[in-house]
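Written out below as structure tokens is the structure these notes cover.
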Amino acid sequence: MTSLPPYSYQRTELVEPDWRRFPGWQDVTDMQWYSARWQRTHSVRNAKQLHAVLGDLLDDSFYQDMERDRAEHATMPLLLPPQMLNTIAPYAEPKGAASLTSAFQADPVRRYMIPLASDRRTDWLSHPRALRDSLHEQEMWAVEGLVHRYPTKVLAEMLPTCPQYCGHCTRMDLVGTSTPAVDKLRFALKPQDRLDGMVAYLSRSPQVRDVVISGGDVANMPWPKLERFINRLLDIDSIRDIRLASKALIGVTQHWLTDEIRAGMERVAKVARDRGVQLAIHTHANAAQSVTPLVARAARAMLETGIRDVRNQGVLLRGVNDSIEALLDLSFVLLDEAAVMPYYLYLCDMIPSVEHWRLSLAEAIALQDGIMGYLPGFATPRIVCDVPYVGKRWVHQFKSYERIRGISRWENNFRTPFEADEPLELAGDYEYLDPIYTLPPDGQDWWRRQAYHVPEEAPVNVDLSC
């Protein structure tokens, strides 16, 4: 007997959730909602402001859970634009006091945009090897804010702010304002001096052909300043690819639909085409429900300016997109309805307080295997592990994988400019570590011993429950 396939494709028409379903937005007009300025000034920053929008549709315990997380665990401040908040529990109908509590608690977008203390693990809040700058990007600054990690590519960290903050942010060490749990680092140089230093370095580095302009989020940089920087890059003959990284295409979609941004993108896209440079936008959607008609409209508007592509780089997160169905739903809605190319899905990096979100390498491999064959090859997202000191690697590329302890080892195939003086042999023993709670009992016990520095042969005379 033939079994039914595990996933059945069905094209679904996008629907913009009605923001007026929330008590605090009942009088918000279309003109206000579609204003980028209104979206920014009405972003939610704390439980009190969320309560002003939702009122008693959420139980008081939800707001208390939020505040406890902010006070004890959060690595990122809360900053949630109305556009993003409106995609949480989009199909749950308000029916009185506390009626949306369960829907909000279970919602995939809520899980990473409004972290709760009750979400986080009590056994392993953080991996023992977690680091604030888990990818060691600051070690690879060629000049302040310019990460030269790959031989031909650099990352320009333009600014340390975003119009919205994700709880799992890999740059939690630098991006956003400080939280009770994390005192953020700050750039030392003045913004213009940093940008001048980046351009000067790239002008004397003809081996670099690809620049990712990020931060933070480029949507937080005044357009004239961003356009000047892009044009300075376009004047460097060796640069052939420029990518603008902005989750605001999903979270403050209205920004990318303003007349100033559309006209400015048309100008830089024309210069890029004339000089044979590929210009693209990279955005960050993790769940299909984040892709609304307005998002589709903004993505197509950007394509109409003449840029090459709009691509999506998501992050695999438990409870958000950790199933084959969720990943295919996301990929198809991006591709079919918004003309956004599914590009990468990253394993969550090993920063503090994110163990409840992280998946094991084995789970990621199973997901990559599971989504193969449904999407066109050019639009099948690659699930990658961003290995410290190595960079992005497809999840199948590990050198070895010891599953009891969850330790995978990876080889590098190049040396960065910071490794130029090392021996010619390329190191091949870089680690990525699975979340401990996904390991079998023997592996969990081994990590408890590591955390408490208990020798293998010694009797256990301490509480290893963590």
Side-chain angles (χ1 to χ4, degrees), residues 75 124 126-142 146-155 157 166 168-174 210 212 214 243 245 282 284 286 313-318 321-322 343-355 357-369 381-420 422-436 438-439 443 447 450:
T75 61
W124 295 102
S126 302
H127 196 285
R129 304 271 180 88
L131 296 172
R132 288 171 51 135
D133 180 14
S134 67
L135 300 180
H136 307 277
E137 290 182 333
Q138 290 163 41
E139 295 176 31
M140 301 178 189
W141 279 354
L146 188 72
V147 182
H148 195 166
R149 184 181 188 187
Y150 301 96
T152 61
K153 300 182 288 185
V154 296
L155 167 72
E157 297 173 325
C166 308
H168 60 274
C169 181
T170 189
R171 296 196 182 99
M172 49 74 59
D173 196 37
L174 180 70
D210 184 350
V212 178
S214 182
R243 294 176 270 171
H282 283 195
H284 177 180
N286 289 326
Q313 297 188 147
V315 178
L316 284 181
L317 300 168
R318 194 174 304 283
N321 53 20
D322 55 342
Y343 181 39
Y344 278 143
L345 289 161
Y346 289 85
L347 276 165
C348 186
D349 293 320
M350 294 188 296
I351 57 173
S353 303
V354 299
E355 288 305 277
W357 280 312
R358 291 208 304 131
L359 274 66
S360 69
L361 179 64
E363 290 173 299
I365 291 170
L367 289 171
Q368 182 74 85
D369 289 344
R382 287 167 284 182
I383 299 181
V384 294
C385 182
D386 211 345
V387 183
Y389 292 116
V390 174
K392 292 182 288 293
R393 290 292 183 270
W394 298 352
V395 288
H396 294 81
Q397 286 186 285
F398 57 85
K399 176 185 176 184
S400 65
Y401 186 13
E402 202 272 271
R403 298 199 181 195
I404 300 297
R405 298 175 182 179
I407 302 173
S408 54
R409 302 184 186 279
W410 307 75
E411 289 183 322
N412 206 347
N413 65 317
F414 58 80
R415 286 179 297 171
T416 70
F418 305 97
E419 300 166 321
E422 292 186 4
L424 289 177
E425 298 81 13
L426 294 173
D429 200 21
Y430 299 93
E431 292 182 346
Y432 182 82
L433 306 169
D434 286 346
I436 294 170
T438 66
L439 306 179
W447 277 108
Q450 298 299 303

How far apart are the C-alpha atoms of H136 and R149, what are their side-chain angles, what is the distance that settles it, and do they pass the side chain to side chain contact (heavy atoms under 4.5 Å, CB included) test?
CA-CA 9 Å; H136 307 277; R149 184 181 188 187; over 6 Å; no
Evaluate R409 against D429 for salt bridge (charged side-chain N to carboxylate O under 4.0 Å, His left out), listing each step before the verdict.
CA-CA 5 Å; R409 302 184 186 279; D429 200 21; 3.2 Å; yes
Report the C-alpha separation of L361 and V395 in whole Å, then their side-chain angles, then the decisive distance to 0.1 Å, and conclude whether the side chain to side chain contact (heavy atoms under 4.5 Å, CB included) test is met.
CA-CA 7 Å; L361 179 64; V395 288; 3.8 Å; yes
Would Y346 and L316 count as a side chain to side chain contact (heavy atoms under 4.5 Å, CB included) if you check the C-alpha gap in whole Å, the side-chain angles of each, and the deciding distance to 0.1 Å?
CA-CA 6 Å; Y346 289 85; L316 284 181; over 6 Å; no
Take R132 and D173 through the test salt bridge (charged side-chain N to carboxylate O under 4.0 Å, His left out) and record every step on the way to the result.
CA-CA 5 Å; R132 288 171 51 135; D173 196 37; 2.4 Å; yes
Apply the test side chain to side chain contact (heavy atoms under 4.5 Å, CB included) to residues K392 and V387: give CA-CA distance (whole Å), side-chain angles for both, the deciding distance (0.1 Å), then the verdict.
CA-CA 6 Å; K392 292 182 288 293; V387 183; over 6 Å; no
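Separation of atoms CZ (R405) and CG (L439) is listed at 10.5 Å; rounding is to 0.5 Å. To the nearest 0.5 Å, the span separating CD on E139 from CD on E137 amounts to 10.5 Å. If you take CZ on R382 and OH on Y344, they are separated by 4.5 Å, rounding to the nearest 0.5 Å. Remark: D133 CG to T170 OG1 distance equals 7.5 Å, nearest 0.5 Å. The CZ atom of R318 sits 10.5 Å away from atom SG of C348, with the distance rounded to the nearest 0.5 Å. For the atom pair CZ (R358) and NE2 (H168), the distance works out to 13.5 Å, reported to the nearest 0.5 Å.
Of the possible donor and acceptor atoms, one in the side chain of E402 sits under 3.5 Å from a partner among the backbone N and O of I404. A distance-only check finds a donor-acceptor pair linking the side chain of T438 to the backbone of P435 [under 3.5 Å]. Using a distance-only test at 3.5 Å, with no hydrogens or angles considered, a donor-acceptor pair links the side chain of N286 to the main chain of V315. Within the 3.5 Å criterion, the main-chain N or O of S126 finds no donor-acceptor partner in the side chain of S353. A donor-acceptor pair is defined here as one N or O able to donate and one able to accept, closer than 3.5 Å; such a pair exists between the side chain of Y401 and the backbone of A362. Panel note: side chain E363, backbone S360; a donor-acceptor pair is recorded below 3.5 Å.
Residues R243 and K153 meet the side-chain proximity criterion, which asks for heavy atoms closer than 4.5 Å. Counting only heavy atoms from C-beta outward, the side chains of L146 and E157 never approach each other to under 4.5 Å. D349 is listed as a side-chain neighbour of D386, based on a closest heavy-atom distance under 4.5 Å. With a 4.5 Å cut-off on side-chain heavy atoms, V154 and V212 do not count as touching. Contact check for Y432 versus I407: no side-chain heavy atoms found under the 4.5 Å cut-off.
Here the closest heavy-atom approach between residue L155 and residue R171 is recorded as CD2-NH2, 2.7 Å. The minimum heavy-atom distance linking H396 with Q368 is given by the pair CE1-CG, 3.7 Å. Heavy-atom minimum distance, P352 versus T75: O-CG2, 3.7 Å. M172 approaches I351 most closely through the heavy-atom pair CG-CD1, 3.7 Å. Counting all heavy atoms, side chain and backbone alike, W410 lies closest to W394 at CZ3-O, 3.5 Å. Of all the heavy atoms in D322 and L359, the pair that sits closest is CB-CD2, 3.8 Å.
Between H127 and W447, the ring center distance clears the sub-6.0 Å criterion.
A salt bridge is absent between R393 and E411; no separation between the charged side-chain nitrogens and carboxylate oxygens falls under 4.0 Å.
When only modelled atom types and interatomic distance are considered, K399 and Y430 share no side-chain donor-acceptor pair under 3.5 Å. For the residue pair H282 / Y343, no side-chain donor-acceptor distance below 3.5 Å is found, with atom types taken as modelled.
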